[in-house]
Amino acid sequence: MLGDGGMTSCTPEFHGDPGDGAVSFMRAFAAKHGCEVREIPQGSIVRLRFPYLSGPRNPLTQCLRRFGVWGQSCAEKHLPDEPFSRSFWVGCVSGLVDTDGHVRERRNPKGTVHGSIEYATVSPLLARQVADALLRFGVTSRHRVVERRSEEAHWVNGYRIKGRRPLNVLEVSRATALVRLADLLRLRIGYKATSLEGIAHAVGHVEPARSDMHGYDGSVALDRVASIEPAGRKRVFSFAVGPASLFIVNGLVTGAS
C-alpha cells in the first residue's frame, strides 16, 4: 500500500497489473479482512477498491491506521518510527520493490554481467527509511534525486499537472549486496523475482569481505577499540539521524552520537 496504494480517500485503493502477484496478494488480503474487491480497468492496469461488506468501519482502513500510514499523500508516505521486527522489514522492502522497484541487468563491452535493484518514490522520508532498513541488512545503497520539472502541462486522470515532484531513487549495485537481497527478499511479481535470481547467480562468485568479527550481518566487519589517548580540546560535530541512528563515514556504518 505504501507503493501503489491510495490511502487518502474513504476506501483503500491499489493500482497494479492484474496478472502479477502483487494484485493477487491484495485480492487475498482484502478477502481475508472481509472486504469486497471492486476492479476498475484503467488501460493495462487495474484499480482495486476495497469497500467493507457490512458495518461502518473498514478493517483495511483500521489496519492502515494502526500502522500509522493512513491519510498520507504520495509525497508524504512514510513508516512510523517503531521498532519493527526483521521479518517486517523483509516484507516491507519486498513489497516496495514489487510496486515501485526495478531490477536491471547490464553487460559491459567485455560481456561481464552487472546488475542493480532500484527503488523510486516521490517521498524523500520514505526513501531514507528504506535506505536505513537496507543498512540493517548490511546493504548499502546510493540515493539520488531526479528532477522531473516540465514546462508543458499534462493531464492525468482529468487533473492538470504543470510539474512533477522530484523522484528519490535508491540504487543497490554491489554484487555482494545483490546476492544478499536475492536471498532475503520475497518478491511476488514473477519477472522481477526471476531477474533478481538470474543476476544474483551471475555475480554470485564475488565473495564479501569478512573479518573475525562481524555483527548482525556476516558482511559487516567490526573493529574493537584498542586504546584511547587524550587529544586535548577540539571542536567536534554530532549527527542526529533516524530511525535507527545509523550513517556511513569513510565506508563504515556507525551510530549517531
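The figures that follow rest on heavy atoms only: side chains count, while hydrogens, waters and symmetry mates do not.
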When clusters are formed by joining ILVMFWY residues with side-chain heavy atoms under 4.5 Å apart, either directly or through shared neighbours, do M1 and V122 land in the same one?
-> no

Beyond-backbone contact of L64 with R66, side-chain heavy atoms, under 4.5 angstrom = no

Can you measure from CG (D17) to OG (S44) and round to the nearest 0.5 angstrom?
-> 7.0 Å

NE2/H143: more than 12 non-hydrogen atoms of other groups inside 6.0 Å = yes

Which atom names give the shortest non-hydrogen contact between L170 and S141, and what distance separates them?
-> CD2-OG, 4.1 Å

Mind listing the closest non-hydrogen atom pair of V37 and A30 along with its distance?
-> CG2-CB, 3.8 Å

Is the side chain of N168 donor-acceptor paired with the backbone N or O of V145 at a distance under 3.5 Å, no angle test?
-> no

Does the pair S85 and S87 meet the rule for a side chain to side chain donor-acceptor pair (under 3.5 Å), with working shown?
-> CA-CA 5 Å; S85 66; S87 60; 3.1 Å; yes

Same apolar cluster: V169 and V97, side chain cutoff 4.5 Å = no

Which heavy atom of T11 sits nearest a heavy atom of P51, and at what distance?
-> CG2-N, 3.5 Å

Here the ring pair (Phe, Tyr, Trp, His ring centres under 6.0 Å) pairs for residues 60-81, sequence neighbours left out, are F67-F88

Can you tell if the side chain of R165 reaches within under 4.5 Å of the side chain of C74, non-hydrogen atoms only?
-> yes

Looking only at heavy atoms, what is the nearest atom pair of A75 and P124, with distance?
-> O-CD, 4.0 Å

Residue pair E13 / L48, side-chain heavy-atom distance below 4.5 Å = no

L96 side chain reached by Q129 side chain, heavy atoms, under 4.5 Å | no

Least distance between heavy atoms, L2 atom then L126 atom | O-CD2, 4.3 Å

Positive for side-chain contact (heavy atoms from CB on, under 4.5 Å) with V139, one of L178, V93, L134 = L134

Does the D98 side chain pair with the main chain of I189, one donor and one acceptor, at a distance under 3.5 Å?
-> yes

Tell me, do R136 and D132 make a side-chain contact under 4.5 Å, heavy atoms counted?
-> yes

Nearest-0.5 Å distance, CG of residue L60 to CZ of residue R65 | 12.0 Å

Taking atom types as modelled, is there a side-chain donor on T194 or E197 under 3.5 Å from an acceptor on the other?
-> no

CZ/R188 to CZ/F25 distance, rounded to the nearest 0.5 angstrom?
-> 4.0 Å

Side chain of N58, backbone of P12: donor and acceptor closer than 3.5 Å?
-> no

Atom pair OG1/CG of T176 and L181 - distance to nearest 0.5 Å | 9.5 Å

Side chain proximity check, D4 to D100, heavy atoms < 4.5 angstrom | yes

Distance col, row E76:CD vs S123:OG, nearest 0.5 angstrom, shows 8.0 Å

At their closest point, which heavy atom of V103 faces which heavy atom of L196, and how far apart are they?
-> CG1-N, 3.7 Å

Flag, side chain of K77 to backbone of V69, donor-acceptor distance under 3.5 Å = no

Side chains of F50 and F29: does their closest heavy-atom pair fall under 4.5 Å?
-> no

Does CD in E105 sit with more than 12 non-hydrogen atoms of other residues, nucleotides or ligands closer than 6.0 Å?
-> yes

Y119 side chain reached by E171 side chain, heavy atoms, under 4.5 Å | no

Do any N or O atoms from the side chain of S195 and from the backbone of K192 form a donor-acceptor pair under 3.5 angstrom?
-> no

Residue pairs fulfilling salt bridge (charged side-chain N to carboxylate O under 4.0 Å, His left out) with at least one residue in residues 19-37, sequence neighbours excluded = R27-E39, E36-R38

Residue that, paired with S116, satisfies side chain to side chain donor-acceptor pair (under 3.5 Å) out of R174, R104, H102, R106 = R106

